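Heads up: the structure comes next, in structure tokens.
Nothing here was measured: the structure is a model prediction, and the numbers come from that model.
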Amino acid sequence: MSALTLINPLRAGVKTGGFGDIYQDANGNPFVHLGWDLAAPVGTPYVAPPADSVVTEFTNDGSFGPYAICLYHEPSRLYILLAHGSKSFVQVGQRVRRGDVIGLVGNLGKSSGPHLHVQVCTSKQFPR
């Protein structure tokens, strides 16, 4: 397994949530945030953050929105989720390179405002 190096997927964006932050769901129940949130206007392009990876299917319970993208980085054996987008420019099985524009920021799924959620996991079944 090799190291995974990521670049910021947004040229401009404000970090509004971090890994390990505590939030409350709609019912007031606390939960731990398992990724990073980068606020940006709807329609802002975002890029693939890891070096060469492939777009893969993943388990989506609707929380991440219909245009969530899951990338598999084979050297590190890690999955990178980019969620809440308003549009995707990639398809399952497509290879992407770091810096390729792959989608647009949105506010879909369980989202409190326009942003890009970035999460890294060892499985394509991303925990909530």
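Of all the heavy atoms in G93 and V54, the pair that sits closest is O-CG2, 3.5 Å. Here the closest non-hydrogen pair linking V105 and P114 is CG1-C, 4.2 Å. Taking all atoms of both residues into account, the shortest heavy-atom contact from H117 to H115 is N-CD2, 3.9 Å. Nearest heavy atoms, G99 versus V47: O-CG1, 3.3 Å.
For the side chain to side chain donor-acceptor pair (under 3.5 Å) test, residues two or more places apart in sequence or in another chain that qualify with N107 are S111.
There is no path of hydrophobic side-chain contacts, each under 4.5 Å, that joins L38 to L104. One hydrophobic cluster, built from ILVMFWY side chains closer than 4.5 Å, cannot hold both L82 and V42; they sit in different ones. Both V90 and V120 belong to a common hydrophobic cluster when Ile, Leu, Val, Met, Phe, Trp and Tyr are linked at side-chain heavy-atom distances under 4.5 angstrom. Under the 4.5 Å side-chain heavy-atom criterion for ILVMFWY residues, a single connected hydrophobic cluster contains both F64 and Y72. Linking Ile, Leu, Val, Met, Phe, Trp and Tyr residues whenever their side-chain heavy atoms come within less than 4.5 Å places W36 and L4 in a single cluster.
Heavy-atom contacts from other residues, nucleotides or ligands closer than 6.0 Å to OH of Y67 number 12 or fewer.
Proximity of a side-chain donor or acceptor of H84 to a complementary backbone N or O of L108 within less than 3.5 Å is detected. Between the side chain of T44 and the backbone N or O of P41 there is at least one donor-acceptor pair closer than 3.5 Å. With N8 contributing its side chain and L10 its backbone, the two residues share a donor-acceptor pair below 3.5 Å.
One finds the OG1 atom of T122 at 7.5 Å from the CG atom of L78 (value rounded to the nearest 0.5 Å). Note that CG of D37 and OG of S112 are 7.5 Å apart. Values are rounded to the nearest 0.5 Å. Between L116 atom CG and Y46 atom OH the span is 6.0 Å, to the nearest 0.5 Å. The distance from atom CD of E74 to atom CZ of R95, rounded to the nearest 0.5 Å, is 6.5 Å.
Residues V118 and P9 meet the side-chain proximity criterion, which asks for heavy atoms closer than 4.5 Å. At least one side-chain heavy atom of I7 sits under 4.5 Å from a side-chain heavy atom of R98. Using a 4.5 Å heavy-atom threshold, the side chains of P49 and L71 count as touching. Put simply, the side chain of H73 reaches to within 4.5 Å of the side chain of I80, judged on heavy atoms.
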Worksheet item: Checking side-chain contact (heavy atoms from CB on, under 4.5 Å) for the pair T56/V92: CA distance, chi angles, key distance, verdict?
Response: CA-CA 5 Å; T56 184; V92 172; 5.5 Å; no
Discussion item. Quick one, V55 with Q91, criterion side-chain contact (heavy atoms from CB on, under 4.5 Å). Give me CA distance, side-chain angles, the key distance, then yes/no.
Written reply: CA-CA 7 Å; V55 179; Q91 298 175 357; over 6 Å; no
